[in-house]
S.K.: 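I have a structure here, written as structure tokens, and I will follow up with some questions on it.
Each chain gets a letter, A, B and so on, in the order the sequences are listed, and its residues count up from 1. Keep in mind the model is a prediction, meaning the values are calculated, not measured.
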There are 2 protein chains.
Amino acid sequence: MFYEGKSKYLVAVDCIIFGFDSEGLKLLLLERNFEPAKGKFSLMGGFLAEGENTEEAAARVLEDLTGLNDVYLEQLQAFSAVNRDPGARVVSVAYYALINIEEHNHASVEKHSAFWVRYEDIPELIFDHKQMVDKAIARLRRKAATMPIGFNLLPEKFTLTQLQKLYEAIYQQNIDKRNFRKKILSTGVLNKLTEKDKKSSRRGAFLFTFNFEAYKRLEESGGLFGVNI
Amino acid sequence: MFYEGKSKYLVAVDCIIFGFDSEGLKLLLLERNFEPAKGKFSLMGGFLAEGENTEEAAARVLEDLTGLNDVYLEQLQAFSAVNRDPGARVVSVAYYALINIEEHNHASVEKHSAFWVRYEDIPELIFDHKQMVDKAIARLRRKAATMPIGFNLLPEKFTLTQLQKLYEAIYQQNIDKRNFRKKILSTGVLNKLTEKDKKSSRRGAFLFTFNFEAYKRLEESGGLFGVNI
DNA sequence: CCAAAAGTGTTTTATGTACACCCATGA
DNA sequence: TCATGGGTGTACATAAAACACTTTTGG
């Protein structure tokens, strides 16, 4: 038989979980309370179970940790270096997730001894998890430049200033306010509400929601920027 | 022990092998001479062996098939649907490769009952291989728009017309000759030789080689197109 | 009345796009 | 001498980037 004699491997998923709040872009990390690498910092992961695919495994791990389902989840790639995990040969498929940091279940996070850390302050991570994070941020930057996926990191209603701060956090650079507004409004993916958010200023800032239909149209037409040959 | 009781899986690699010649963009496919799906068409694949990572496995599979090593090889992603392979549960990591179609070993290819097929004429493929091909072409298009990776598909020395035909094949659309030359030459990644290729015209066309140093510089500065926020 | 954030337009520059003719050569 | 592919430049349109002031309002 064709498959006989072939080696089998443990298959894991690891999740690079991005969040965003007033302090900036953050990652959800674990302090491992088990061997190997107990006490070190890592991404949240888990093993693939028989009845699920890796995306389902990642979603399961994510829901277990944050209480959230239906989050933005995208596969990065597989990591398969022979000794990447010193405890056993494990092939890991990395996923990155964008979640609304306000909505997650704090109790679940604490139960796992997980914590949010600013992107600028990421500690040393075990195995190849740093490499996964670097790939994830690169992917997020590329993706956010062509599609407005950043909305997944914000509450349902948000101000343009919040959205701009998010983009500034993702790209780690300042953006001109006028140009940013011009550009993002020209895409038509935002609905302006009559409601204002008065938390951050006396004058108040208009709230916006995300327009999913416009997003789909944008996606079909190839994104914010067409492919220039 | 942490890893105990976890299921293990067969891990495969599948290669989407792109080639290019005067007829256009092509894919190297196999007619399977073994079950399951004997007689159907598929990508070239193989199982992960214990001492190698998936990239090495893909390179091994590729060298076995084409006689080529040191080819452009990039991971697409893992495919892990539970029933993707009806013969067994197999998690497959897909790689796409860009090879110089003239240089491959024809004997090896024939030995595997493999054959080149034009991108426009791809037959029905087994399992999720069509999905892999679709992802691969999308990735190739995106990548080729930002980095001049197309050179991997051409001989060492090539004419601008050849290069343009390659881009036209990748994007399946015509490109204006003057604009294409302006743009590609402005990147500085081409070395113009004094030598001419006289095969395709009486006048002859100047040959170019690829400038790897300029490529690296371009890569560091974020590609042909910067990220527009 | 003032501090603090919200909101708004115009000019300049760079990049992309459309478009048509002459050149060199071998047969 | 002519058929064939090689090679070139300019004008227009669109998009990005730079840049500073006015508005609102709660304290």
S.K.: Exactly one of A:Asp197, A:Leu190, A:Thr209 should register a side-chain contact (heavy atoms from CB on, under 4.5 Å) with A:Phe158. Which one does?
M.R.: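 Going through A:Asp197, A:Leu190, A:Thr209 one by one, the side-chain contact (heavy atoms from CB on, under 4.5 Å) with A:Phe158 is satisfied by A:Leu190 alone.
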
S.K.: Could you check whether the rings of A:Tyr167 and A:Tyr171 sit parallel, tilted or perpendicular, using 30° and 60° as the cut-offs?
M.R.: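 Correct class here is parallel.
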
S.K.: For B:Gln77, check side-chain hydrogen bond (donor to acceptor under 3.5 Å, both in side chains) against everything at least two apart and list the hits.
M.R.: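 Partners of B:Gln77 under the side-chain hydrogen bond (donor to acceptor under 3.5 Å, both in side chains) test: B:Lys135.
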
S.K.: How close or far is atom C1' of C:dG16 from atom CD1 of B:Ile175, stated in whole angstroms?
M.R.: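 Rounding to the nearest Å, CD1 of B:Ile175 and C1' of C:dG16 are 13 Å apart.
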
S.K.: Would you say C:dG7 has OP1 or OP2 under 4.0 Å from some side-chain N or O of A:Arg181?
M.R.: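 Indeed, a polar side-chain atom of A:Arg181 lies that close.
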
S.K.: Provide, to the nearest angstrom, the distance between the CG atom belonging to A:Asn174 and the P atom belonging to D:dA17.
M.R.: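 Atom CG in A:Asn174 sits about 14 Å away from atom P in D:dA17.
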
S.K.: Once you round it to whole Å, what is the distance between C1' of C:dG7 and CG of A:Asp197?
M.R.: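 Distance check: A:Asp197 CG to C:dG7 C1' gives 15 Å.
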
S.K.: Please tabulate the protein-to-nucleotide N/O contacts below 3.5 Å involving nucleotides 10-12 of chain D, giving atom names and distances.
M.R.:
| from | atom 1 | to | atom 2 | distance (Å) |
| --- | --- | --- | --- | --- |
| D:dT10 | O4 | B:Lys182 | NZ | 3.0 |

S.K.: Tell me the interatomic distance from B:Leu207, atom CG, to D:dG6, atom P, rounded to whole angstroms.
M.R.: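 Value for this atom pair: 11 Å.
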
S.K.: B:Phe18 and B:Phe20: aromatic ring centres closer than 6.0 Å?
M.R.: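 So the answer is no for these two rings.
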
S.K.: Taking atom C1' of D:dT8 as reference, at what distance in whole Å does atom NZ of B:Lys192 sit?
M.R.: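 Whole-Å distance recorded here is 11 Å.
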
S.K.: Measure the distance from CZ on A:Arg178 to P on D:dC21 and round it to the nearest whole Å.
M.R.: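 Nearest whole value for this atom pair: 10 Å.
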
S.K.: The side chain of A:Ser200 is closest to which nucleotide in this list: C:dA6, D:dG5, C:dC19?
M.R.: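 Among the listed nucleotides, the one closest to the side chain of A:Ser200 is C:dA6.
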
S.K.: Per the ring-ring contact (aromatic ring centres under 6.0 Å, His included) rule, what does the pair list look like for residues 185-206 of chain B, sequence neighbours excluded?
M.R.: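 Residue pairs passing ring-ring contact (aromatic ring centres under 6.0 Å, His included), neighbours aside: none found.
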
S.K.: Scan A:Ile99, A:Asn100, A:Ile101 and name whichever one has a side-chain contact (heavy atoms from CB on, under 4.5 Å) with A:Thr66.
M.R.: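 It is A:Ile99, the one option of A:Ile99, A:Asn100, A:Ile101 that forms the side-chain contact (heavy atoms from CB on, under 4.5 Å) with A:Thr66.
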
S.K.: Looking at residues at least two apart in the chain, or sitting in another chain, which of them share a side-chain hydrogen bond (donor to acceptor under 3.5 Å, both in side chains) with A:Glu156?
M.R.: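 For A:Glu156, no residue satisfies side-chain hydrogen bond (donor to acceptor under 3.5 Å, both in side chains) once neighbours in sequence are set aside.
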
S.K.: Tell me the interatomic distance from B:Phe180, atom CZ, to D:dG9, atom P, rounded to whole angstroms.
M.R.: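 Spelled out: CZ on B:Phe180 to P on D:dG9 is 18 Å.
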
S.K.: How does protein contact run along nucleotides 21-27 of chain C, one letter per nucleotide 5' to 3', with B for base contact, S for sugar-phosphate only, - for none, heavy atoms under 4.0 Å?
M.R.: --BBBBS

S.K.: Would you say a side-chain N or O of B:Thr161 is under 4.0 Å from OP1 or OP2 of D:dG5?
M.R.: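 For D:dG5, neither OP1 nor OP2 has a side-chain N or O of B:Thr161 closer than 4.0 Å.
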
S.K.: Please list, chain by chain and in numerical order, all residues satisfying side-chain hydrogen bond (donor to acceptor under 3.5 Å, both in side chains) with A:Lys198, sequence neighbours excluded.
M.R.: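 side-chain hydrogen bond (donor to acceptor under 3.5 Å, both in side chains) list for A:Lys198, sorted by chain: empty.
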
S.K.: Atom CD of B:Gln173 and atom P of C:dG16: how far apart are they, to the nearest Å?
M.R.: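 After rounding, the gap between these two atoms is 15 Å.
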
S.K.: Would you call B:Glu195-B:Lys157 a salt bridge at under 4.0 Å N-O?
M.R.: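 Yes.
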
S.K.: On DNA chain C, nearest-nucleotide positions of B:Asp176 versus A:Thr159: which is more 5'?
M.R.: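 It is A:Thr159, whose closest nucleotide lies nearer the 5' terminus.
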
